[in-house]
Structures are given as C-alpha cells and as structure tokens.
Amino acid sequence: MIEFERALEEVLRRTRRLDIESLSLKEAIGSVLAEDVKSKFDIPSFHKSAMDGYAVCAKDIESAPVDLKCVGEIPAGRFYPGKVKKGECVKIMTGSPLPEGADSVVMIEFTESSPPSFILPRKGGGGEESEVLPLDGSETPGDRWGCNLVRILHRVSKGENVCLKGEDIKKGKIVLKKGTVIRAPEVAVLAILGRAKIRGYRRPKASILCTGDELIEPGHRLLKFSHIYNSNGPMLRSLLSSMNIENQYLGIAKDKEEDLREKMKKGLKDDLLILSGGVSMGDYDLVPKVLRSCGVKIIFHKVSIKPGKPILFGLRGRNLIFGVPGNPVSTYLTFLILIKPAIEKMIGKKISLEIVKGIIKTDFRQKPGKRKHFLPVDVKMKHNERQIFPVKTYHGSADIASLLPANGFMVVDADVSFLKKNSKVDIILW
Ligand code: AMP
Ligand code: MG
C-alpha cells in the first residue's frame, strides 16, 4: 500500500501526453490548443454600423434637427459604392460597412423618414380637409419632394454607433495562446477568424467495464433480491463526458475469469480503461489476476486512502488501466483524485486537482486510522472564506446519496481524531 501523494506522482509520471493532431471545430471542444492562433485580418474588417439607422457625417448634423437627403441604403452583406456628401445620408443596417464620407450613425429611433410625418398626406382624402394632395398611387413620397428626405432629430458625436475596423482584434495579434482550453467562446473566435481546424492534443479514447454478478442495468428488472442496479457505469460515463472524453461502455462482466478477460480485451485497446469493482480482497475479486494475464503491468494496487483503498493502476504499453473499487463513493473519489489528473495530463491540460483551505463550521471527530480520510462536505463561500459543513448523514463508501448535498471532499490526515469548530481544514472542490 502506498501513500496518496506517491500514487498521484506515479500516475502522472507514467502518463504520456497524447499526440498533436488536426481537429475540426466540432472535435476541438474540450481540447487544448497546441499552436498559437494569429488573426490574419482586422476584426471588424471594416468600419461597421452598430445600429440600424442612417450613416451621416457628424459635422453635418450639429444643428439637428436637420433634414438630409437619403441617397441609398446598405443592407447586410452589401456596401455603398459612392461617397456620402454634405447634406446627404445613407440608410444603414447593423453590421453593414460605413460608407465613405460618413463617420457616424444616427439610430433609426432618432430620425423621421421622408417625407417627415408632419407633411404626410392625410388618409381618406374625400371631404376631409387636406393640407397636401394625396399621392396618386404611382408616386412615392420621395418623388414628390424630389428626394428621400430624412429628418435627423438629434446630433451625434463623431464615431458614435460605429465599430471601428480592428477594434475587436488587430491583424497579426495572437488571439489564442498555445495551451488554451477550447470552450464555446474559443470555438466562436476561431470561427470568426475563418479557422475550421486547429492543431490540438488528441483526447483519449476511453472504455468502461463494470464487474459484478449482482449488477443489473437501470431500466431492467431486478431478478433476485440480492441484485442491485449498476450506478458506477452511468456515473463514470457522465464523469468522462463532462470532460468531453469519448467513452465506450463495455457493459457488465460476470465475476468469472473468461467473461472478464473477453470484455476487458476490447477496452485494453483504448488509451484508458476504467474497470469498476472486483479489485478488493474477496474471493471473486478477479480483476488484478485477469489484468496480469492480459499483459497489464500493475504499477500499484492499494493506496492509503479512505474510501478507495483497493484502487489499482496499471499500464499496457502506453495505455492506462484503472481498477476502481465498486462502492460508488470510492469510485467517485478515485476518479476525481487519480483518473481525472491522468486524463488532464494526456490532453495537455493543467492538472486541476488542488487542495485548498476552508474553515470547518462544526466540531469534527473521527477514530484515528491509518489512511488519509476524504469526507463529503458542503462548501459555502461566506465573508470571503470557504465555510465547510461535513455531510452529517455520511456513513461510508456505499453511501452515494451523501454526495448530493456535497460539492467537495474534506481531507483529514489519518492520525487526526478531532477538529475544532472554526479551525482550518484541507478540502478538494469539485
Ligand atoms: P467490489 O468492489 O466489487 O468488491 O464491490 C464493492 C461494493 O460495491 C459491493 O457492495 C458491490 O455490490 C458494489 N458495487 C460494485 N460495482 C458496482 C456498480 N457498478 N454500481 C453500484 N455498486 C457497485
Ligand atoms: Mg464485485
């Protein structure tokens, strides 16, 4: 049996970072960039309107309200080929390029389009009194006044409602550094730069195999009163999926050497195989023996932690094999403190496992033992400190429900028997 720190060191020392490969944006999510990504052009690549409105020259409308002649319009994806002259404006949509001669945009809400509403022909005509003659149908309002007049109600300052060329990203800038983890915003930035592929570290292919004659898959009937549902399979899959790791589920192997070997072989081809159950000292705990017979080199079996002691770590070539104890809290804990760091190393990511300090808010007693104790706790941030509330109902490694109110593990050294309320304790946050 080895200490936890030593076990983690062994795992990290023997885990290799996977190769760099070309990844599509879809594949890239969760990956780590293996190149610096530069912008080949300015973003925006032209002075762009931030509003729907009219492109004007600010100087021209200093004495607003003023009427300008609208000489054209620029829908999205188009540009105005001419130059906006004094006394003129161009109708512009959000995202369209500002035309030459204009330096700002007046929001549509601060304008009245031609002809100004105060001289619009009254509807109805007939007997009603009308200041102006109604349009005859073929005539547009612009025709009558010889142009499209726009009344600009408020002045704007130069550059108002305009996104300047290059204001988001300058040409030649390193936008994403090597080592960046790709999340949805990074995907969007890569896309805006026109990139469909990146160079990133390959993510491992993982397999999960559960073992135990007592296990039945959720959704099926328990056939004997001694049967239980398999919770580790779905939990391990969720843990891998939450790290964007593709995972193959190999089902449940019986506690028989042949069945174990046959199913195990499929998973041994993958970068990572996680086996649940069958690694303890019981008569039917056949995993270590069958792994050995398949050419797996066992690096360690048993770590001085509670729960999770029977955890096994092995190698077959470069592929990693973890045998996690079947009790679900042990499975969860050992994934968090040993398997997750290994995956992070494989994909070139910084190891996120960190022991931080918190203040325990109740007295805590335990029977001193020989193993480092990990207990589920609820960690609340209050007055700028982490307040630690151990889950009162927790009663051991089978008690998966105790993780529901928890968001961390308190780490208590083996020889500690008492922690006083308000003393500092070590924790791992999930
Ligand atoms: P083992 O590690 O195989 O000795 O199993 C230890 C305990 O965990 C036993 O009570 C098993 O029934 C239980 N167990 C094993 N595998 C699973 C699993 N996949 N889901 C839920 N409980 C399990
Ligand atoms: Mg078992």
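Start at 1 and go down the list; that is how both ligands and their atoms are numbered. All values derive from a computational prediction rather than experimental measurement.
Between I337 and L8, the closest heavy-atom pair is O-CD1, 3.5 Å. Summarising the geometry of E344 relative to I351, their closest heavy-atom pair is OE1-CA, 3.4 Å, with the distance given to 0.1 Å. When all heavy atoms of N161 and V105 are compared, the closest pair comes out as ND2-O, 2.9 Å. Nearest heavy-atom pair, L250 versus K263, reported as atom, atom and distance to 0.1 Å: CD1-O, 3.6 Å.
The aromatic rings of H154 and F110 sit perpendicular, their planes meeting at an angle over 60°, well past the 30° parallel limit. Y332 and W430 have perpendicular rings, their planes meeting at more than 60° on a 0 to 90° scale where under 30° would count as parallel.
Screening D271, D270, L275 against L273 for a side-chain contact (heavy atoms from CB on, under 4.5 Å) leaves a single residue, L275.
In terms of protein heavy atoms, atom 14 (N) of ligand 1 is closest to G326 O, 3.3 Å. Residue, atom and distance of the protein heavy atom nearest to atom 19 (N) of ligand 1 are N230 OD1, 2.8 Å. What sits closest to atom 18 (C) of ligand 1 on the protein, heavy atoms only, is N232 ND2, 3.3 Å. Distance from atom 6 (C) of ligand 1 to its nearest protein heavy atom, with residue and atom name: N327 N, 3.8 Å. Protein heavy atom nearest atom 12 (O) of ligand 1, with residue, atom name and distance: E214 OE2, 2.5 Å.
At a heavy-atom distance under 4.0 Å, no atom of V279 approaches ligand 1. Here S231 has heavy atoms under 4.0 Å from ligand 1 in both its backbone and its side chain. Within the 4.0 Å heavy-atom criterion, the part of I228 lying near ligand 1 is the side chain and not the backbone. Counting heavy atoms under 4.0 Å from ligand 1, residue D285 touches it through the side chain alone.
The N/O atoms of G278, backbone and side chain alike, include one that comes under 3.5 Å of an N/O atom in ligand 1.
Put simply, part of Y229 is less than 4.0 Å from ligand 1, judged by heavy atoms. Distances shorter than 4.0 angstrom occur between a heavy atom of S276 and an atom of ligand 1.
Looking only at atom types and distance, the side chain of Q248 has a donor-acceptor partner in the side chain of S207 under 3.5 Å away.
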